[in-house]
Amino acid sequence: MTPTNRERVWQVIHSIPAGKVCTYGRVAEMAGLPRQARAVGRYLSELPKDSKIPWFRVINSQGKLSFEVGSDRFVTQKLKLQDENIAFSNNKVNLKTYLWQGE
DNA sequence: CATTTGACTTGTG
DNA sequence: CCACAAGCCAAAT
């Protein structure tokens, strides 16, 4: 079976170590899909809320979550990240500290 | 096949 | 820091 782009993205996301985060653009790039950050977001948008993949480790390039503050998804993701020992500053993650740039 | 859409990114002011 | 615009590209309609 031919691996779809979606599956490559899954693989990259699974390879993100706990306690680290990655941006959409970076995930896309590592998946061999440069400039397809939006595609990554669309793939994630189809994930069931209880999906086993660590989608919460993927945030945007500003170090913020791509949801409205206070929304269900925002809160869920924030809690998940905090569970990974990732600290928030004014609803933002310090990318200098937590960004995973590959192996 | 044309148009719209979207969990994005970067630049400008 | 916030708002807006343009660039980008795959999937959905």
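Predicted model, so just to flag it, every value in this text is computed and none were measured. Chain naming here is simple, since letters A, B, ... match the order of the sequence lines and numbering starts at 1 in each. Because only heavy atoms are used, hydrogens play no part in the values below, and waters and symmetry mates are left out as well, while side chains stay in.
Between A/Gln36 and C/dC9 there is no side-chain N or O to OP1 or OP2 distance below 4.0 Å.
Between A/Asn90 and A/Tyr43, the residue whose closest nucleotide on DNA chain C is further toward the 5' end is A/Asn90.
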Legend entry - Under 4.0 Å protein heavy-atom contact, by nucleotide of nucleotides 2-13 of chain B - B base, S sugar-phosphate only: ----BBBSS---
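Between the C1' atom of C/dA11 and the CG atom of A/Asn5 lies a distance of 11 Å, rounded to the nearest Å.
Contact check on A/Glu84 versus A/Lys20 returns no salt bridge, with no Lys/Arg side-chain nitrogen under 4.0 Å from an Asp/Glu carboxylate oxygen.
Side-chain contact check for A/Lys80 versus A/Ile86: every heavy-atom pair is 4.5 Å or farther apart. Contact annotation: the side chain of A/Asn91 approaches that of A/Lys78 to within less than 4.5 Å [non-hydrogen atoms, C-beta and beyond].
Annotation: A/Gln11, atom CD; neighbour count of heavy atoms from other residues, nucleotides and ligands within 6.0 Å does not exceed 12.
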Inset, instruction - Before giving the answer on salt bridge (charged side-chain N to carboxylate O under 4.0 Å, His left out), spell out for A/Arg35 and A/Glu29 the whole-Å C-alpha distance, their side-chain angles and the decisive distance to 0.1 Å. - result: CA-CA 7 Å; A/Arg35 298 191 166 89; A/Glu29 197 174 344; over 6 Å; no
